[in-house]
S.K.: 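Dropping a structure here in structure tokens format, bear with me for questions.
Positions are given from 1 along the sequence. Quantities reported herein were computed from a predicted structural model and do not represent experimental measurements.
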Amino acid sequence: MSRGDPTALRKLAAEVHGCRHCPRLVEWREARAADPPRRHRGESYWARPLDGFGDPAARLIVVGLAPAAHGANRTGRMFTGDRSGEWLYAALHRAGYANRAESERRGDGLELRDAYVTAVVRCPPPANKPTTTERDDCLPYLERELELLGDARVLLALGSFAWDGALRAARALGAQVPRPKPRFGHGAEADLGRWRLLGCFHPSQQNTFTGRLTVPMIDAAFARARVLSA
């Protein structure tokens with residue numbers, strides 16, 4: 001039986017949505033919504049911090065860096081509305097974690113099965129580079145999600161920032177993180193006791209356009225996550 005708590009997750013989501021703790025991030029997310037690029041003119045932006053999305057009984061938690069200014073900050077769902085999200089949700093669908101390959105915005109009918117998608121930082125940062133203070137201010141939200149997603153067995157970190165954030169969140173919850181600190185790499189793994197941490201290159205355009213991350217590579221990461229969470 002699942003130990004996930006949907007009601008507590010909804011309460012946490014409402015708390016996340018109302019957060020205005022980091023002035024730089026608040027200003028950035030709202031400014032991007034007020035002056036969108038031409039391709040998004042006339043659209044209504046979410047322009048609030050983002051909660052995680054997925055199955056409360058998930059055994060797999062996918063951890064990213066932060067929402068994109070004209071992706072999730074616009075659509076209201078993590079990894080939705082940009083090329084990174086197209087790659088991620090297509091991979092989730094191929095791996096059997098999603099009921100369809102496309103993620104458009106909140107309430108579009110997409111459902112995740114046995115997976116949950118979240119991030120270390122909940123607002124889009126300028127140049128995709130949160131400060132260490134912003135990271136540390138946001139980490140308690142990830143920690144609380146990890147606590148509430150009680151069936152989770154695997155943390156799939158998309159990129160080195162997510163890898164480091166997942167390690168920090170796990171350590172804050174009492175996990176015995178190996179020393180020296182496990183290094184990120186595509187396919188890297190670390191035993192955190194309750195969780196297995198798995199690394200995957202971030203599906204950014206920089207990685208996918210250059211071939212640093214390919215479809216077989218991301219599919220292999222999800223296949224490995226399925227094995228580890230069984």
Side-chain angles (χ1 to χ4, degrees), residues 9 12-37 40 45-54 60-89 91-92 103 105-106 112 115-146 149 155-170 172 184 197-208 212-213 218:
L9 284 168
L12 175 59
E15 184 178 337
V16 170
H17 298 166
C19 183
R20 300 183 64 85
H21 191 77
C22 302
R24 188 181 78 120
L25 299 188
V26 172
E27 180 181 4
W28 181 256
R29 78 185 190 223
E30 294 179 354
R32 301 289 71 74
D35 185 25
H40 296 311
Y45 272 58
W46 172 259
R48 286 178 277 167
L50 270 292
D51 55 318
F53 165 69
L60 168 64
I61 301 178
V62 180
V63 184
L65 191 163
H70 301 292
N73 188 49
R74 174 174 57 89
T75 64
R77 178 186 288 152
M78 284 289 186
F79 275 99
T80 299
D82 57 19
R83 292 292 180 87
S84 294
E86 290 175 9
W87 265 71
L88 176 61
Y89 285 104
L92 284 162
S103 179
R105 60 175 58 249
R106 296 177 80 92
L112 298 185
Y116 190 91
V117 177
T118 188
V120 177
V121 175
R122 305 311 173 106
C123 294
N128 289 323
K129 293 181 179 179
T131 67
T132 55
T133 298
E134 290 162 350
R135 177 203 63 196
D136 292 346
D137 284 343
C138 245
L139 266 176
Y141 292 135
L142 179 59
E143 293 164 16
R144 289 164 64 186
E145 283 177 332
L146 296 185
L149 296 165
L155 308 179
L156 179 60
L158 301 179
S160 60
F161 189 95
W163 175 273
D164 181 70
L167 286 172
R168 289 173 181 272
F184 171 76
L197 179 60
L198 177 62
C200 176
F201 289 147
H202 192 284
S204 64
Q205 290 189 55
Q206 180 179 1
N207 286 337
T208 58
R212 188 170 190 239
L213 179 66
I218 195 171

S.K.: Side chains of Val63 and Val120, heavy atoms from C-beta outward: is any pair under 4.5 Å?
M.R.: yes
S.K.: Of all heavy-atom pairs between Leu25 and Pro124, which one has the smallest distance, and what is that distance?
M.R.: CD2-O, 4.0 Å
S.K.: CG/Leu139 to CZ/Arg122 distance, rounded to the nearest 0.5 angstrom?
M.R.: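 Result: 9.0 Å between the selected atoms.
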S.K.: How about His21 and Tyr141: are their ring centres within less than 6.0 Å of each other?
M.R.: no
S.K.: Minimum heavy-atom separation for Cys19 to Pro49, with atom names?
M.R.: O-CG, 3.4 Å
S.K.: Supply the atom-to-atom distance Trp28 CH2 to Cys22 SG, rounded to the nearest 0.5 angstrom.
M.R.: 15.5 Å
S.K.: Out of Leu149, Leu60, Val62, which residue meets the side-chain contact (heavy atoms from CB on, under 4.5 Å) rule with Tyr116?
M.R.: Leu149
S.K.: Between the main-chain N or O of Gly52 and the side-chain N or O of Glu145, is there a donor-acceptor pair closer than 3.5 Å?
M.R.: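 A pair under 3.5 Å: yes.
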S.K.: I would like to know whether Ile61 and Leu156 meet side-chain contact (heavy atoms from CB on, under 4.5 Å); could you show each step before the answer?
M.R.: CA-CA 6 Å; Ile61 301 178; Leu156 179 60; over 6 Å; no
S.K.: Decide side-chain contact (heavy atoms from CB on, under 4.5 Å) for Asp164 and Arg135; before the verdict, give the C-alpha distance in whole Å, the side-chain angles of both, and the deciding distance to 0.1 Å.
M.R.: CA-CA 10 Å; Asp164 181 70; Arg135 177 203 63 196; 3.5 Å; yes
S.K.: Identify whether NZ of Lys or CZ of Arg in Arg74 sits under 6.0 Å from the centre of the six-membered ring of Trp46 and within 45° of that ring's axis.
M.R.: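 The answer is no; the distance or angle limit is not met.
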S.K.: Going by the rule salt bridge (Lys or Arg N to Asp or Glu O under 4.0 Å), which residues pair with Arg212 if we only count those two or more places apart in sequence or in a different chain?
M.R.: none
S.K.: Hey, could you give me the CG/CD1 distance between Leu158 and Ile218, rounded to the nearest 0.5 Å?
M.R.: 6.5 Å
S.K.: Going by side chain to side chain donor-acceptor pair (under 3.5 Å), name the pairs with one or both residues in residues 77-89, residues two or more places apart or in two chains.
M.R.: Arg77-Ser103, Arg77-Asp108, Thr80-Ser103
S.K.: When rounded to the nearest 0.5 angstrom, what distance separates CZ in Phe79 from NE2 in His202?
M.R.: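 Between atom CZ of Phe79 and atom NE2 of His202 there are 3.5 Å.
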S.K.: Under the side-chain hydrogen bond (donor to acceptor under 3.5 Å, both in side chains) rule, collect the residues that match up with Thr131, sequence neighbours excluded.
M.R.: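 In terms of side-chain hydrogen bond (donor to acceptor under 3.5 Å, both in side chains), with neighbours along the sequence ignored, Thr131 is linked to Glu134.
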S.K.: Take a 6.0 Å sphere around CD of Glu27 and say whether it holds more than 12 heavy atoms from other residues, nucleotides or ligands.
M.R.: no
S.K.: What is the minimum heavy-atom distance between Ala157 and Leu197, and which atoms define it?
M.R.: CB-CD1, 4.1 Å
S.K.: Here's a test for you: under side chain to side chain donor-acceptor pair (under 3.5 Å), which of His70, His40, Arg29 qualifies with Tyr45?
M.R.: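 Passing option: His70.
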S.K.: Shortest non-hydrogen contact from Ala33 to Pro36?
M.R.: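 Heavy atoms of Ala33 and Pro36 come nearest at O-CD, 3.5 Å.
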S.K.: Quick check for you: to the nearest 0.5 Å, what is the distance between Cys200 atom SG and Trp163 atom CH2?
M.R.: 11.5 Å
S.K.: What's the verdict on salt bridge (charged side-chain N to carboxylate O under 4.0 Å, His left out) for Glu15 and Arg144, showing C-alpha distance, side-chain angles and the deciding distance?
M.R.: CA-CA 12 Å; Glu15 184 178 337; Arg144 289 164 64 186; 2.8 Å; yes
S.K.: How long is the span from the CG atom in Leu213 to the OG atom in Ser204, to the nearest 0.5 Å?
M.R.: 8.0 Å
S.K.: Apply side-chain contact (heavy atoms from CB on, under 4.5 Å) to the pair Leu12 and Asp51, showing each step before the final yes or no.
M.R.: CA-CA 8 Å; Leu12 175 59; Asp51 55 318; over 6 Å; no
S.K.: Go through it in stages, so that I can follow the logic: the residues are Leu50 and Val16, the test is side-chain contact (heavy atoms from CB on, under 4.5 Å), and I'd like the CA-CA distance, side-chain angles, deciding distance and then a yes or no.
M.R.: CA-CA 7 Å; Leu50 270 292; Val16 170; 5.8 Å; no
S.K.: Quick check: closest heavy atoms across Ala66 and Cys123, and the distance to 0.1 Å?
M.R.: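 Scanning both residues, the minimum pair turns out to be CB-O, 3.8 Å.
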S.K.: Which pair of non-hydrogen atoms, one from Gly81 and one from Thr75, has the smallest distance, and what is that distance?
M.R.: CA-CG2, 3.9 Å
